[in-house]
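For reference, the structure discussed in these notes is given below.
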Amino acid sequence: MPIDTRPKSPTPSGAGADAADTAVPAASGGSDFIRQIIAADLAGDVAAGRPRRTIVTRFPPEPNGYLHIGHAKAICLNFTVAAENGGRCHLRMDDTNPSKEDVEYVDSITADVRWLGFDWGPHFYHAADYFERLYLFAEELICKGNAFVCDLNAEQMREYRGTLTEPGRHSPWRERSTDENLDLFRRMRAGEFAGGARTLRARIDMAAPNIAMRDPVIYRIQHSSHHRSGDKWCIYPMYDFAHCLSDAIEGVTHSLCTLEFVPNRALYDWVLDHVDLSAHSSRPRQFEFARLNLTYTVMSKRTLRLLVEEGHVRGWDDPRMPTISGMRRRGYTPASIRAFCEGIGIARSDNLVQFAQLEFCVRDDLNRHTPRVMGVLRPLKMVIENYPDGRVEYLDAVNNPEDPSAGTRKVPFSRELYIEREDFQEDPPKKFFRLAPGREVRLRYGYFITCTGVVKNEAGDITELRCTYDPATTGGNAPDGRKVKATLHWVAAAHALPAEVRLYNQLFTRENPARVEEGATIFDYLNPTSLELNTEARLEESLTSAAPGQTFQFERMGYFTVDPDSRTGALVFNRTATLKDEWANVLKRGAEG
RNA sequence: UGGGGAGUGGCCAAAUUGGUAAGGCACCUGACUCUGGAUCAGGGAAUUGGAGGUUCGAGUCCUCCCUCCCCAGCCA
């Protein structure tokens, strides 16, 4: 039965939620090497006269941190590839190391995957739930002479392992009898030995050029309680042993992981080859693809954790973080993240995707689904001298030009307004066609106005603009057909809502901060202006009851979403992304040329 | 200097397995526009890491070389 991949948005998030409700396409256009392999496998079944196998994939996070955009790539791949083939995708906690894991993380992981729009149905699993079966497989290995209990400590084991260029040496405990191994392993389980005192190792080849095959540890003693199995176990299986067997137990057909696991594939296959899998229908195979790297950020869980723990950001869900929760708080939609993951493709070469590609995806989604509103970030007072004092007009404003069904709203207009400070220049450069002395522009949905004067303080700073309006241009159209080169957003001074607006910039100053130079640390590359707090913003009054999670386009300024910190009367917005800005490109070119 | 993986416009990424280098992002130009947004139309940009070789024909096959990434946790 095909899994349901329709997005389900647990958080009410205004326009963003609407965007999320767009169904995941059943089949995406692209055909990467993984999809090709699966198609070939299926075709092979048919050609051989076998029943067409059910494609089963899985997303197997370790609950030791929050999910990030790199995980989203893997999540989208696994879930959509299964759905495209009428198969299913499991969500499995790869929780074999209790010392690093916590339920906090399993909760955030399930919430994030769901928020992204994927549904694992009843197929939610924990490697921990397989501990008993895994243990039995280990005994089987022992009985077959393929595993032994080793008494070497960690340091000794490192010495025996050899190096990249030298083979390792056999452990002195490698030739223990089956009986002794079994006895010792059972006593390991029974808790007779201290943590780290002994290990169970696969008996493979200490001279293997692939270090993963040099008698790898498959069980270690760890006297710590597990977030799921409690104190039932004091021995825990290692990844290489647990993962392939978990895949086999679940009937996973295609086990997709990232490139750093390529050397582990030999061990993945070795374990499956040396254990009796006849009770299980499928023989899983591992395929690797390149992990995602994004410019100006990092994807390493370790680094992300340090950013949180050392207080460089406010938490895992800080809007500057590449975490799913951070991006959600920043205003990214599930649909935009999915579109991004589809857009970058799946391949095996190392990559560094430009942030602009991600931004394109949010803008593309938000543009179509987000209501427009007017908000002035850096207010400059404007007085319309020929507009009657005390008069208030309610003008019609379009909610979303991309979506007529979004309707219109009323915005108050009066004699005193605020406009964006950067929309006025006393001595405008060429190609600046906003407001300047003597120049006429349109106030959106309002009137044509002409700047007639500038008021300055003693320091020479502009504090106020004096203008006149043309009453014949109500609504923003000139009956005589005359044109104006710019349309400015504005808010009525007396009606405007004050708000805190958090403007985010790149977290790091380097395109690839993970590439740390000699003598530096990654934290040397933190961008000191990654967060700009703006407390002077003035927003249109329709935003009074804007609720956390709702997203708006502040016309001409960008996309903004209401932060959970926000309260009526004390609104807080996060800038999701700016609008594409041709004027900024003009300025940049001028600076470069 | 062992093993493995990878090199295609600025960034991603295709190329029906030998048939004459898609597409997206970014950038530029024009049209349109009550968002310098969106939309539409167009454009520049690749001797496919390099050198040889096989072939009528090579991004795809062969040889050699260069560069980058991963592996020496009782992490995943």
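Every chain is numbered from 1, with letters handed out A, B, ... down the list of sequences.
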Handout entry: Interatomic distance at C1', B/U63 relative to B/U55, whole Å
Key = 16 Å

Practice task
Just compare B/G36, B/A76, B/A26 and give me whichever is closest to any side-chain atom of A/D581.
Solution key: B/G36

Handout entry: Partners meeting side chain to side chain donor-acceptor pair (under 3.5 Å) with A/Y418 (sequence neighbours left out)
Key = none

Problem - Dot-bracket summary - RNA chain B, pairs being Watson-Crick or G-U whose distances fall under 3.5 Å, with | when paired to another strand - result: .((((((..(((......[...))).(((((.......))))).....(((((..]....))))))))))).....

Handout entry: Pair of N/O donor and acceptor under 3.5 Å linking B/G37 base with A/R363 side chain
Key = no

Handout entry: Residue whose nearest RNA chain B nucleotide is more 5′ - A/T96 or A/K431
Key = A/K431

Practice task
Looking at every strand, decide which applies to A/Y239 at a 4.0 Å heavy-atom threshold: base, sugar-phosphate, or nothing.
Solution key: base

Handout entry: P atoms of B/G52 and B/G59, separation to the nearest Å
Key = 15 Å

Handout entry: Members of residues 150-157 of chain A that approach RNA chain B, where some heavy atom sits under 4.0 Å away
Key = A/L152, A/N153, A/A154, A/M157

Handout entry: C1' spacing across the pair B/G18 / B/U48, given as an integer number of angstrom
Key = 15 Å

Handout entry: side chain to side chain donor-acceptor pair (under 3.5 Å) partners for A/Y447, two or more places apart
Key = A/E393

Completion exercise
Under a 4.0 Å heavy-atom criterion, the protein footprint on nucleotides 1-15 of chain B, written with B, S and -, is -BSSSSS--BSSSSS

Handout entry: P gap between B/G9 and B/G5, integer Å
Key = 22 Å

Handout entry: Contacts of type side chain to side chain donor-acceptor pair (under 3.5 Å), residue A/R189, not counting sequence neighbours
Key = A/E132

Close N/O contacts between protein and nucleotides 39-43 of chain B (under 3.5 Å):
none

Handout entry: Nearest-neighbour nucleotide for the A/M238 side chain, B/G37, B/G73, B/C68 considered
Key = B/G73

Completion exercise
Per the O4'-C1'-N9-C4 / O4'-C1'-N1-C2 angle with a 90° window around 0, B/U8 comes out anti

Problem - Proximal nucleotide (of B/U35, B/G73, B/A76) relative to the A/Q553 side chain - result: B/U35

Handout entry: A/D95/A/R228 salt bridge by N-O under 4.0 Å criterion
Key = no

Problem - With A/R169 via side-chain contact (heavy atoms from CB on, under 4.5 Å) - residues at least two apart - result: A/Y160

Practice task
Return the set of residues passing side-chain contact (heavy atoms from CB on, under 4.5 Å) with A/E166 (not counting sequence neighbours), or none when no residue passes.
Solution key: A/T163

Problem - Qualifying residues under salt bridge (Lys or Arg N to Asp or Glu O under 4.0 Å), relative to A/K410, sequence neighbours excluded - result: A/D396

Handout entry: Separation between the P atoms of B/A21 and B/U16, rounded to whole Å
Key = 14 Å

Problem - Distance in Å, A/D470 CG paired with A/T450 OG1, rounded so as to fall on 0.5 Å steps - result: 8.0 Å

Handout entry: Integer angstrom distance from the P of B/A22 to that of B/C74
Key = 50 Å

Problem - P-based separation of B/G57 from B/A15 [nearest Å] - result: 25 Å

Practice task
Using side-chain contact (heavy atoms from CB on, under 4.5 Å) as the criterion, list what pairs up with A/F355, not counting sequence neighbours.
Solution key: A/L294, A/T295, A/R330, A/Y332, A/L358, A/E359, A/Q506

Exercise for the section: With the side chain of A/R434 defined as its heavy atoms from C-beta on, choose the nearest nucleotide among B/G36, B/A76, B/G37. Expected result: B/G36

Handout entry: Residues A/R58, A/E250: salt bridge by 4.0 Å N-O rule
Key = no

Completion exercise
Classified by glycosidic angle (syn within 90° of 0, else anti), B/G73 comes out syn

Exercise for the section: Could you pull out all residues at least two apart from A/S224 that satisfy side chain to side chain donor-acceptor pair (under 3.5 Å)? Expected result: A/Q222

Problem - Nearest-angstrom distance, P atom, B/U47 to B/C66 - result: 22 Å

Handout entry: Contact nearer the 5' end of RNA chain B, comparing A/L358 with A/G476
Key = A/L358

Exercise for the section: Assign A/N477 to base, sugar-phosphate, or nothing according to its heavy-atom contacts below 4.0 angstrom with the strands shown. Expected result: base

